Structure formats: structure tokens, C-alpha cells
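What follows is a set of notes on a single structure, which appears directly below.
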Amino acid sequence: MTKKVAVLPGDGVGTEVTKGAVAVLKAIGERFDHQFEFTYGLIGGAAIDEAGTPLPESTIETCKQADAVLLGSVGGPKWDRNPSHLRPEKGLLAIRKELDLYANLRPVTFYDSLADASPLKKEYIEGVDFIIVRELTGGLYFGKPSERRTEGNEETVVDTLFYKRTEIERIIRQAFDTAVNRRKKVTSVDKANVLESSRVWREVAEEVAKDYPDVELEHMLVDSAAMQLIRNPKYFDVVVTENMFGDILSDEASMLTGSLGMLPSASLTADGPSLYEPVHGSAPDIAGQNKANPIAAILSAAMLLRHSFGLEKEAAVIEQAVESVLHAGHRTADLADGNHYLGTDKMVEAITAVIANDSAISSIMTAYS
Ligand code: IPM
Ligand code: MN
């Protein structure tokens, strides 16, 4: 298979972890005889510094000409005081809109060997396995107006939560399609006791549910969902929610796995290249120190192989390699107890070594042969 992957490293640890993800894709390419061609583009603060805008046209072109996009992260203190159109985050929001990446899948998976890394007790998190389906191109993030105003002598400010019914419908459908291949339970999270947008969201969820008689639908208020995620995380299978709620709940959910550094994501479109990125941000406090956990980016590369290239076995091999490396006791700083941990590059080497080695992944190879 020959495929083009656009790589947008972005800022902070984004550059370090995407390097790791590319190394893993190369190892998969060699092991399974695929040609992956990598093209690079600027985004975020790096793009502001070099091109004067957080998302240059050339980056959009690079993405559109690729079969999939791998992204690191954007942002950093250097640009925090910039006006809103010159903020790194604008670049990320713009590429999501530009490629119509409306469906953000954020799987939350428990790893046995990381049970002690989570701040929660093992009995609560053991066996946790759910996926957050976050709407990614609408809601509060994109609604207009979004601006400061003066009313009388008062400074006022407005952000807008806007959705078209069709936008709600397609993300709910994505959740049901996801649930069909899982435990067949969709929890739709909203704030219907307060927000009109949430009441429409519920109506649409009920309508879509009629097309999926085998899938159970329930509604949960977002405040209650935030509580249940900690109280009984095993309860969830597929969680579908609005853009902002999904942003917040997914960071919360990451701690069930031990670290935000473990959570991958896929941002899917109906047509064209999809994009894959770790859920974590640019982590300026540890950037440039070879200290970041590359696993979220590496697992995002696995999602890329699965969702964009249909390479299920290769994706499973990456996931298995991550699991064996953790099982062998390797940890990055975020997961380690004390000062004994691997740098980003050593963790990547450990994972690529497993991918290159027959015996460590033999169970996967047998399962797919
Ligand atoms: C994420 C990030 C982004 C978001 C930021 C960087 C704009 O937090 O992908 O979760 O809020 O969507
Ligand atoms: Mn976030």
C-alpha cells in the first residue's frame, strides 16, 4: 500500500511526539511492506512565527493532498497574549473546519500495567473501556457572534452555542454506528434542563435511535456525567456530546488511564482526509526536554491506520506493542513513580523494537492470519 500522510507537528511537545509517531509508522511500513510518504506543514505558534498566520494556505493544501493527517499540538505562553485571530488554537480550529472533521473519537482504555498510575482505585478503573464521540466543528467553539462589546458603560461579552439539526444528527449517527460494534449502549450527554440546544440534541438522539433498535440510548446531564465518570466509569460504552462538553469530559476521562499522555484521538470527516492527534496539548512546561509521553500520538497513528487506511492488523500491532512495552515496566515521566523513567525517544525506540520483532507481536499475527 502506498499512502501520503501530512504531518503537522505544531508547538511544544507536539514536535517531539509526532516524530515518535512517524517513527512508528515507518517501522510498520517496513514490517508490512507499505510505503508511507510524509509531507510536513506548519500550524499553530510555529506557523505564526514563520508565516504570520496560525494556518497558512500551504498547510491546508498539504493536508488536502494527503490521505490522512497526523497532528501534534498547538499553543504556548509565547502566543498567549496575541489577539484572537493570531492565537495558535485558531489554527487547530480552522483546520478542523476546513477539513470538516466533525467527529472526534476519543477512546478511553484501561491498561492493566498502568493500574497504579491512575489516582483512582484499581477496582474502579479495571476494565474501563469506553469511547467519547465529541462533536468537533460546531457548538460554542464556532458560533457567531463571539466578541466583546460595550453596552452603555459596561463591557459585555458574548459567545454563541449554535447547531444546525443536520450537524447534531450526523454526530449522533456516528455514535450509534460506533456502538453497533461495541456493547451497544449510547449515553448522550447534554444540559437539557437548561439549554435549548440540548433539548433539540435530545430530540434528534431519540429520532436517530429508532434506526438502531439493537442499541440502547440514554440521556445524561453533563454535570451528572462528570460525576459518573469517576464514580462508575465502567458503566459507559459510547458517550456522545457537544464540542465543549466533550473537550472537558475527555480530559477528565484521561485520568482513568493514568495520564493524559495516553489518550489518542481521531477526527473524522465524511469525505477527504481525516486527522489524528493526541488529546493532550503542547505541555510547554516540559517541551524540548525529551520528557513527553509519545504514546497518545503513537496510538493516534494506530487509529489513522485503522480508520483511514483500513489497516486493522497493523493498528492492532501498534496497540499490542504499546501494551507489551508498558507490561515490561517501561514508563515515561508522567506515568512513573519516582525518578526512574524513559525519555520520549527511548520510549519510541522500545515500541518500534517490538514492532520489528516477530515474537512479541506473534499473537496478533496469528489472530489475523
Ligand atoms: C483539544 C484541545 C483543543 C480543543 C484546543 C487546543 C483548542 O484542548 O483538542 O481537546 O479545545 O479542542
Ligand atoms: Mn481539550
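In what follows, every heavy atom counts, from backbone to side chain, and hydrogens, waters and symmetry copies are set aside. Since this is a predicted model, take the numbers as computed values, not measurements. One-based numbering, in listed order, for ligands and for the atoms of each. Residues: numbered from 1 along the sequence shown.
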- Check whether any N or O atom of R106, backbone or side chain, sits under 3.5 Å from an N or O atom of ligand 1, and answer yes or no. yes

Query raised in the report: Is there side-chain contact between R149 and V158, with at least one heavy-atom pair below 4.5 Å?
Result: yes

Exercise for the section: Check for a donor-acceptor pair, side chain of T332 on one end and backbone N or O of L342 on the other, with a separation under 3.5 Å. Expected result: no

Note to self: Check this for me - ligand 1, Y141, N or O atoms closer than 3.5 angstrom, yes or no?
What the structure shows: yes

Return yes when atom CD of E123 has more than 12 non-hydrogen atoms of other residues, nucleotides or ligands closer than 6.0 Å, and no otherwise. yes

Taking only non-hydrogen atoms of R96 and a 4.0 Å limit, the atoms of ligand 1 in range are 1 (C), 4 (C), 9 (O), 12 (O)

Contact region, R134 to ligand 1, non-hydrogen atoms below 4.0 Å, reads side chain

The Mn ion (ligand 2) -> D247, closest N, O or S atom is OD1

Donor-acceptor contacts under 3.5 Å from residues 114-122 side chains, at least two apart:
residue : atom : partner : partner atom : Å
S118    : OG   : L120    : N            : 3.1
S118    : OG   : M255    : O            : 2.9

* Would you please classify the geometry between the F32 ring and the H34 ring as parallel, tilted or perpendicular, with 30° and 60° separating the classes? => parallel

Out of L263, L92, D251, N243, the nearest non-hydrogen contact to atom 3 (C) of ligand 1 is supplied by L92

So the atoms of ligand 1 within less than 4.0 Å of a heavy atom of D247 turn out to be 1 (C), 4 (C), 8 (O), 10 (O), 11 (O)

Check: Y212/D177 side-chain N/O donor and acceptor closer than 3.5 Å:
yes

